[in-house]
Amino acid sequence: MAARSLSHASILRAPTPPAWVEDALANVPALLQDHANCEKKAASTALALMFAYPEDRALGAALSRLAREELRHFEQVIRALTALGVPFARQRPGRYAQQLRRAARSSDPGRKLDLLLTGALIEARSAERFALLAPLLPPPLARLYADLAGAEARHFVLYLEFARDAAPQDWQARLETLARQEAQLATEPDETLRFHSGPLRARS
Ligand SMILES: [Fe+2]
Ligand SMILES: [Fe+2]
């Protein structure tokens, strides 16, 4: 199976529930604050991979470009926050990234593949949610989110291609395991609204 033929829907094991979209639209300032953090974290995750595997020059070059792009996304979200008058608020991290990281193996062999696959899943979920939200948001955000949906879809393919190359025999089975975990985290009722959370447990 060629990774380029995959769409985000084909690696995500469950679609985002409509209840999450409702929660997100009712909490746009909180969503944007977490979104800014996600872009910063996406750059930092790419840098961490570059430090962990310096011998993989192709990966390093691709992730250097990706990290710069994520920091530009961060700057775009900060501009949107400022334009909308959303004040800075420090947020607790949600469960998604933390629990997905826990599902990944912490040493090699296996760690590199799992980091690449979790990267692919996070980017795919981001692409799916940007595309879902774009038509429902007011104009400046609608345009930004439509652009980001395209960028994160490219990132998901990039991570998936490196995962496939890192472990040609194992990547599909491992993707299946991690994708099931990711789907639970993104769809089961959650305590806090975040860009990658499930829908809120207590419905207002
Ligand atoms: Fe991004
Ligand atoms: Fe990305």
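For this chain, numbers begin at 1 and follow the sequence in order. One-based numbering, in listed order, for ligands and for the atoms of each.
For Y145, the ring pair (Phe, Tyr, Trp, His ring centres under 6.0 Å) partners at least two apart in sequence or on another chain are H35, F130.
The distance from the CD1 atom of I122 to the OH atom of Y96 is 5.5 Å, given to the nearest 0.5 Å.
The side-chain hydrogen bond (donor to acceptor under 3.5 Å, both in side chains) test with E39 singles out one residue from H73, R72, Q76, and that residue is H73.
A salt bridge links E176 and R13; the closest N-O separation between the charged side-chain nitrogens and carboxylate oxygens is under 4.0 Å. Ion pairing between a basic and an acidic side chain is recognised when a charged N comes within 4.0 Å of a carboxylate O; E128 and R125 show such pairing.
Excluding waters, the set of protein N/O/S atoms under 2.8 Å from the Fe ion (ligand 2) reads E70 OE2, E123 OE1, E123 OE2, E152 OE1, H155 ND1.
Atom CZ of R143 sits in a sparse spot, with 12 or fewer heavy atoms from other residues, nucleotides or ligands closer than 6.0 Å.
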